[in-house]
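Written below as structure tokens is the structure these notes are about.
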Number of protein chains: 2
Amino acid sequence: MGIKERKEREKSRRRDQILDAAIELTGQQGFERTTMDEIAEKAELSKGTLYLYYKDKSSLYQAIKKRALQSLHQDFLTVLQQDKPGAMLVKEMISSFLDMIQKNVTFTKAIMLYRGSESSDSDQQSSIAEKCLNIENDVNMLMVKAIQIGVQDGSITTKLDPKLLALQIGFQMRGLLQFYILDNKNMGVKIFKEQKLTLGELMDQFLNIHLSHVEKP
Amino acid sequence: MGIKERKEREKSRRRDQILDAAIELTGQQGFERTTMDEIAEKAELSKGTLYLYYKDKSSLYQAIKKRALQSLHQDFLTVLQQDKPGAMLVKEMISSFLDMIQKNVTFTKAIMLYRGSESSDSDQQSSIAEKCLNIENDVNMLMVKAIQIGVQDGSITTKLDPKLLALQIGFQMRGLLQFYILDNKNMGVKIFKEQKLTLGELMDQFLNIHLSHVEKP
DNA sequence: CCCATTTACTGACCGGTAGTCATTTACTGT
DNA sequence: ACAGTAAATGACTACCGGTCAGTAAATGGG
């Protein structure tokens, strides 16, 4: 009997339904300004039901982050499956990343999220936050993989351990992301304008330096 | 008559008094978990008074950020006043930064703050957030200055415009900061352990690559 | 088809917190 | 001493995250 399975599907559909509503509202008005009541209404459910599917508001936000990270992970995976030089793969990964943050503000903000819940429940195991961490590590691993390929095929020359290089690229991505989120009032944007530079070109410069680094003569 | 001045002093003392209380409590229990009532009690004032000095809770948090940025600005200024090669100045700035985030968690978290208030008041002009932005730009300018010195004295070789290089170093700093704040559960920390590396050494590697970059032969 | 049991859902309610404002208190100049 | 002003207060409101007793729907056995 497939009832169990159907129930399971319906349950997961509800979860998505809630998440979709949350993402849409969050995108319009930001996370803090979005209330659980609003999300419930949008999802055509009562507030109580939301709490059957997500432990609390923070969990719901984490779920958005998780979805964003999964999307990124998928993009990276697609890039990695191509048969191209490693350096190219790394650059395309960065491009995917830039695409995402430019197209999807909600995801971008969600990724920046600092885990608010202070692990009060010690017995609580594989929470959504946990899964986010895992995906984040997976994403990082894909970057490492691309670098390793590049080192092997000679398209990348670096003194650094691939893991460390990936870490540094990750730092740069995070920094860039934060920059992008902040109001376009600050000096950075002015620099971009006066130098007629795009984020993509900036990251390209960054990668050129790091991926083809050679010893000082 | 010095009464005006004294009043002014007292007013500014009150502001500091509130800010001090907020910083201390925030350091202990985090910003979200700290209530205005608690801050008021700590500052030995009533809650209403808090709102005479800070528009809302978000403003108060911005004020913490402002103080953190001012502290950083001061550090950078001190570094810059030394008579040393530019490359050294840059490295010492980064050191100051690392010192700060390792010694003062509250400041660190505050700097990461994304402006929550959605500029609902259009007439509101030089808000604290505005000032933060200015200081941030000033800090960035000091970095640019150090790089320019380095380019002049030959201790820094780069194809990049000093402003762009400063921007990239700023990205890296932000990325590092975010990394530092997040739980030490993730892969990054593992990498640090297995490579027996400190944050300082990592940043040093980064700077070595960027400050002494030469063309591919 | 009926009824008992489980499962899913609801929305009134609660506790707590950010922010307000009429009132009180302290201070100042005359 | 007193009027006028500035500063401080804390009871109060509005709102929101989270709960839970109660309701409805689905299921499955007889």
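All chains are named by letter (A, B, ...) in the order of the sequence lines, taking the proteins before the strands, and each is independently numbered beginning at 1. In this text, all values refer to a predicted model and were calculated from it rather than measured experimentally.
Of the candidate nucleotides D:dG17, C:dT28, C:dT10, D:dG17 has the atom nearest to the side chain of A:Lys57. Of all nucleotides listed (D:dT9, C:dT20, C:dC9), C:dC9 comes nearest to the side chain of A:Leu52. The side chain of B:Lys7 lies closest to C:dC27, out of D:dG18, D:dT27, C:dC27.
For the pair B:Met36 CE and D:dT9 P, the interatomic distance rounds to 14 Å; values are reported in whole Å. Protein atom CZ of A:Arg33 is 15 Å distant from nucleotide atom P of C:dA18, rounded to whole Å. Atom CD of B:Glu10 and atom P of D:dA7 are 10 Å apart (whole Å). For B:Ile18 and D:dA7, the CD1 to P distance is 13 Å, given to the nearest whole Å. Rounded to whole Å, atom P of D:dC16 lies 17 Å from atom CG of A:Asp56. Atom P of nucleotide C:dA12 and atom OH of A:Tyr51 are separated by 16 Å, given to the nearest angstrom. Atom pair A:Arg13:CZ and C:dA8:P shows a separation of 15 Å (rounding to whole Å applied).
Between B:Tyr53 and D:dA8, a side-chain N or O to OP1/OP2 separation shorter than 4.0 Å is present. Within the 4.0 Å cut-off from OP1 or OP2 of C:dC9, at least one side-chain nitrogen or oxygen of A:Arg14 is found. The side chain of A:Arg6 contributes an N or O atom lying less than 4.0 Å from OP1 or OP2 of D:dT27.
Nearest-nucleotide assignment on DNA chain C puts the 5′-proximal partner with A:Lys11, out of A:Lys11 and B:Asp37.
Across all strands, A:Thr34 comes closer than 4.0 Å only to sugar-phosphate atoms, never to a base (heavy-atom distances). B:Thr35 comes within 4.0 angstrom of sugar-phosphate atoms only, judged by non-hydrogen atoms across all strands, and of no base. Residue A:Tyr54 is out of contact with every strand shown, counting any heavy-atom pair closer than 4.0 Å.
Cation-pi geometry between B:Lys66 and B:Tyr61 is not met: the NZ or CZ atom fails to fall both under 6.0 Å from the ring centre and inside 45° of the normal.
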| query | Taking it one step at a time, do B:Leu25 and B:Thr35 satisfy side chain to side chain contact (heavy atoms under 4.5 Å, CB included)? | reply | CA-CA 9 Å; B:Leu25 288 173; B:Thr35 69; over 6 Å; no
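Residue B:Arg67 holds its CZ atom at 13.5 Å from CD1 of B:Ile111, rounded to the nearest 0.5 Å.
Using a 4.0 Å cut-off on heavy atoms, the residues of residues 39-48 of chain B that approach DNA chain D are B:Leu45, B:Ser46, B:Gly48, listed by number.
Between B:Glu10 and B:Arg6, at least one side-chain nitrogen of the basic residue sits less than 4.0 Å from a carboxylate oxygen of the acidic one, meeting the salt-bridge criterion. At a threshold of 4.0 Å, the pair B:Lys163-A:Glu194 counts as salt-bridged, since one of the basic side-chain nitrogens sits closer than that to a carboxylate oxygen.
In this pair, A:Phe171 and B:Phe179 present their aromatic rings tilted. The plane angle is within the 30 to 60° band.
A:Met173 pairs with exactly one of A:Leu177, A:Ile169, A:Leu176 by the side-chain contact (heavy atoms from CB on, under 4.5 Å) rule, that one being A:Ile169.
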